[in-house]
Amino acid sequence: MRPLIFLAVSLVPWVVAGAPTATLAGDFDRIEIPRDPNGAIEFHTPSDNIACGLSESGSDGSGAPELACDRLAPVYLRFILPARGKATILRDVGDQWCCGGYNELPYGREWQSGPFTCDSTASGLTCENQQGHGFFISKAKVKAY
């Protein structure tokens, strides 16, 4: 009990001083990504190796939102995350559009829209839906769950 009280008291100066928003769980500072003139939300990581786009109506005909992220190198891959259910990795992508653009999701920052949250780090990009399904993308490793 004593360590918890100490921890809570030690955080008070940070909150009062207006430190960046964070929690004891180590959450990222959230960033807003504006919609482009067509209403789409797109962003890329600082490495310009990963880019993501939010589709409000999805590509599966369900009308549900869907997040798609492409990785340029070492092999071009696309990751699709539905609002509900597990992510998939597409290895044969015909319409390659990655990477770059105007909206950057800096390392150490988080983006959230609807059921999706993405955390950007120097190690890679992690995106999840509200069910906890998602993917991790980096040059060295990819994982869909």
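For the numbers below, each heavy atom of this structure counts, side chains included, while hydrogens, waters and symmetry mates do not. This structure is a prediction, so every number in the text was calculated from the model and none was measured.
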Any side-chain heavy atom of [X] within less than 4.5 Å of one from [Y]?
{"X": "I50", "Y": "D70", "value": "no"}
{"X": "T117", "Y": "E110", "value": "yes"}
{"X": "E128", "Y": "Y145", "value": "yes"}
{"X": "S120", "Y": "R109", "value": "no"}
{"X": "L125", "Y": "S138", "value": "no"}
{"X": "L54", "Y": "I33", "value": "no"}

Neighbour count >12 (heavy atoms, 6.0 Å) for atom CD, Q96: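 Above 12, so yes.
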Which atoms form the tightest heavy-atom contact between [X] and [Y], and what is the distance?
{"X": "F135", "Y": "A87", "result": "CD2-CB, 3.8 Å"}
{"X": "I31", "Y": "E104", "result": "CD1-O, 4.0 Å"}
{"X": "I80", "Y": "A68", "result": "CD1-CB, 3.7 Å"}
{"X": "F136", "Y": "F79", "result": "O-CE2, 4.4 Å"}
{"X": "Y107", "Y": "P46", "result": "CE2-CD, 3.5 Å"}
{"X": "F116", "Y": "P65", "result": "CZ-O, 3.7 Å"}

Nearest-0.5 Å distance, [atom1] of residue [X] to [atom2] of residue [Y]:
{"X": "K139", "Y": "N49", "atom1": "NZ", "atom2": "CG", "value": "5.0 Å"}
{"X": "C118", "Y": "I137", "atom1": "SG", "atom2": "CD1", "value": "8.0 Å"}
{"X": "F43", "Y": "C69", "atom1": "CZ", "atom2": "SG", "value": "5.0 Å"}
{"X": "Y76", "Y": "R71", "atom1": "OH", "atom2": "CZ", "value": "11.0 Å"}

Working for side-chain contact (heavy atoms from CB on, under 4.5 Å), residues V142 and I89: CA-CA 9 Å; V142 297; I89 302 174; 4.3 Å; yes
Side-chain donor/acceptor of D119 to backbone N/O of T126, under 3.5 Å: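 The answer is no, because no donor-acceptor pair under 3.5 Å joins these two groups.
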Salt-bridge present (D95, R78; N to O < 4.0 Å):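 Salt bridge flag = yes for R78 with D95.
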Test item: side-chain donor near acceptor, H44 and D48, under 3.5 Å: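 A donor-acceptor contact under 3.5 Å links the two side chains.
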Side-chain donor-acceptor contact under 3.5 Å, Y102 with E42: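 No, because no side-chain N or O of Y102 sits under 3.5 Å from a partner of the opposite role on E42.
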Test log, rule side-chain contact (heavy atoms from CB on, under 4.5 Å), inputs S55 and L67: CA-CA 6 Å; S55 169; L67 181 67; over 6 Å; no
hydrophobic_cluster_shared for L72 and L90, side chain cutoff 4.5 Å: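 Yes, L90 connects to L72 through the hydrophobic network.
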SG-SG distance C127 to C52 under 2.5 Å: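 Their SG atoms do not fall under 2.5 Å; no disulfide, then.
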Set of side-chain contact (heavy atoms from CB on, under 4.5 Å) partners for R35, sequence neighbours left out: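 Counting only residues at least two positions away or on another chain, R35 forms a side-chain contact (heavy atoms from CB on, under 4.5 Å) with I41, E56.
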